[in-house]
Amino acid sequence: MPSRRTVLAATAGVTSALALGTDAQAASPHRPDKRLRALIARMSLEEKVGQLFVMRVYGHSATSPDPADIDANLQELGVRTAAELLAKYRVGGIIYFSWAHNTRDPHQIAALSNGIQRASLALPRGLPVLVSTDQEHGIVARVGRPATLLPGAMALGAGGSRTDAREAGRVGGAELRALGIRQDYAPVADVNVNPANPVIGVRSFGADPQAVAGLVAAQVQGYQGAGVAATAKHFPGHGDTAVDSHYGFPVIEHTREQWTALDAPPFRAGIRAGIDSIMTAHIMVPALDPTGDPATLSRPILTGILREQLGYDGVVVTDSLGMQGVREKYGDDQVPVLALKAGVDQLLNPPSIDVAWNAVLAAVRSGELTEARLDESILRILRLKAKLGLFERPYVSEAGVDRVVGIRRHLDAADRIAERTTTLLVNEGSLLPLSRRTHRNVLVVGADPASPSGTTGPPTAVLAAELTSLGFSATSLSTGTAPTPALVDQAVAAARGKDAVVVGTYNVTADSTQRTLVARLLATGVPMVAVAIRNPYDVAQLRDVKGYLASYSWTDVEVRAAARVLAGQVAPRGKLPVPVQRADKPAEVLYLIGHGLTYGPA
């Protein structure tokens with residue numbers, strides 16, 4: 001793994017130290033708080049506790065989920081349905097996941113959102129629910145086709161256009177709002193300076209903090225201009241870690257000065273753009289808080305830095321409280337209480353709602369937390385609900401879904417943006433673009449990871465189909481992320497007699513058998529090009545490849561754009577938003593930020 005010093009030195013813009021100072025949040029004046037405070041005053045303590053939670057729930061319907069989803073809800077939540085969850089715990093928010101069967105298709109999603117609002121508003125002193133999801137696009141998307149899927153963050157970083165980033169946010173936000181989803185846990189504001197980062201990577205706009213800051217602000221404007229709350233994550237910055245906080249407890253060893261120059265700028269930019277919410281990270285940053293607590297539970301980080309020094313007064317939401325990073329040091333009953341004491345407003349998806357909800361209730365009754373502290377967070381949450389129009393317009397319509405979701409104008413915008421992101425890293429001997437005259441018969445092989453949204457791919461088939469539509473004769477063979485000797489032999493046999501081979505690579509490491517596949521295919525003498533369908537760092541492991549593109553994701557929109565670049569229908573315009581170090585000598589940079597080749601217009 002490259003040394004931290006090497007990576008930081010290779011990252012443009014890091015050396016310009018920024019004063020920490022205080023940034024006033026660029027937001028419109030608060031909506032009339034008098035009405036919201038009156039609502040809070042009428043709430044029971046139990047209702048107040050519930051408003052702080054954002055919970056998962058299984059099922060496509062708020063009242064009539066499938067039997068298997070009822071069983072899952074009973075096992076994990078102690079209730080049968082979303083309606084029962086709202087009645088029992090009065091939760092203020094619900095998060096959608098594809099694996100929880102919340103996001104089958106647009107009309108179902110809209111009906112689920114309406115059912116959730118009806119169930120909550122029918123309760124005594126019922127309040128609208130803030131429905132959220134992780135729709136980052138790229139490799140993290142909970143809502144799939146026929147909704148519009150857009151290029152992800154690092155692809156937008158390669159495009160380098162704030163206009164495109166804003167438009168992607170506007171399109172994505174408009175479709176979420178039409179589905180009744182009013183809070184999106186995007187954009188990712190982490191600056192990815194560690195190629196070994198297993199959890200952020202291409203979810204980040206890149207490694208230059210100033211470039212990332214500009215794109216974060218643009219996406220905030222796009223999402224929130226469409227009436228959806230954007231969420232910058234993961235504060236104070238998750239970009240320099242080799243540990244996934246879902247499964248471990250990362251430690252970020254940046255000095256205070258490095259944090260100020262590297263990690264802070266995108267969050268500052270989001271705050272200046274008036275961002276509605278910020279998500280915490282389950283990471284330890286000793287330079288910011290030496291106690292060893294994760295940032296999610298750190299008062300010095302969330303109140304001292306985020307609230308007081310950066311001047312942020314919007315909603316602070318935790319990352320999922322089911323992740324190992326926040327459970328490493330404290331029990332599940334302590335975590336929500338400590339998060340509130342640190343300065344959090346929304347408690348996202350604890351492993352057990354019963355344990356967490358009762359722990360907060362007990363903490364108030366014992367005096368460990370004051371009711372006034374809860375009121376402070378509830379006011380922020382209600383302000384956001386009011387800003388989003390949930391008190392006046394909690395429901396969505398089928399007609400609205402049809403007018404907005406997956407419409408041709410949005411799909412065309414996604415294609416145009418994607419074409420400006422594909423990056424040509426290597427083109428020895430002007431191998432690219434492939435010619436239909438000399439490279440007509442093409443074999444596409446490589447990794448076919450599961451679709452980020454469950455509705456796209458597989459990428460080898462998508463690449464082959466797009467090349468065929470462009471006048472090539474292309475066939476596909478999936479060889480996986482770890483090709484076996486038998487699959488390698490099969491690919492080599494299939495390559496014989498072809499005019500060209502395209503290989504989709506996925507997170508190639510020094511001992512990956514994808515390297516064996518590429519070496520064997522090169523040995524056939526058939527012209528070969530590769531497309532890194534996730535991390536652009538793959539190119540450092542496959543130095544013998546004569547033509548290499550980076551698409552930054554394997555969703556259809558980015559894979560199809562890569563095919564159009566391969567075919568010369570469009571010229572590559574993307575520029576690397578991260579440096580790529582040599583695999584054999586990580587102290588040396590193979591390709592700098594800004595590297596990207598092109599060829600003449602098609």
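Because the structure is a prediction, the values reported are computed rather than measured.
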Give a yes or no on whether a salt bridge exists between K341 and E368, defined as a side-chain N under 4.0 angstrom from a carboxylate O.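 Salt bridge flag = yes for E368 with K341.
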Are the charged groups of D345 and R383 less than 4.0 angstrom apart, N to O?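 Salt bridge: no.
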Using the side chain to side chain contact (heavy atoms under 4.5 Å, CB included) criterion, which residues pair with M284? Sequence neighbours excluded.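 For M284, the residues satisfying side chain to side chain contact (heavy atoms under 4.5 Å, CB included) (neighbours in sequence not counted) are F249, V251, P286.
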Could you check whether any side-chain heavy atom of [X] comes within less than 4.5 Å of a side-chain heavy atom of [Y], counting everything from C-beta outward?
| X | Y | answer |
| --- | --- | --- |
| Y96 | R142 | no |
| L382 | K385 | yes |
| L384 | L388 | yes |

Backbone N/O of L348 and side chain of T318: donor-acceptor pair under 3.5 Å: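 Present.
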Expected output: side-chain D184 to main-chain Q135 donor-acceptor under 3.5 Å: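 Yes, because the side chain of D184 sits within donor-acceptor range (under 3.5 Å) of the backbone of Q135.
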Any donor-acceptor N or O pair under 3.5 Å, side chains [X], [Y]:
| X | Y | result |
| --- | --- | --- |
| D66 | H101 | no |
| S298 | D289 | yes |
| D69 | N73 | no |
| D319 | Y185 | no |

Tell me, with the steps shown, if Q51 and E47 meet side chain to side chain donor-acceptor pair (under 3.5 Å). CA-CA 6 Å; Q51 274 299 300; E47 290 164 4; over 6 Å; no
With a 6.0 Å cut-off (strictly less than), is the heavy-atom count around CD of Q75, excluding the residue itself, greater than 12?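 At most 12 heavy atoms, drawn from other residues, nucleotides or ligands, come within 6.0 Å of this atom.
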Could you note down all residue pairs passing ring-ring contact (aromatic ring centres under 6.0 Å, His included) where residues 206-232 supplies at least one of them, sequence neighbours left out?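 Counting only pairs at least two positions apart or across chains, no ring-ring contact (aromatic ring centres under 6.0 Å, His included) contact touches residues 206-232.
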Which heavy atom of S98 sits nearest a heavy atom of T103, and at what distance?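 What the structure gives for the nearest pair is CA-OG1, 3.2 Å.
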Angle class for the H234/H238 ring planes (parallel below 30°, perpendicular above 60°, tilted otherwise)?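 Perpendicular: the ring planes of H234 and H238 meet at over 60°.
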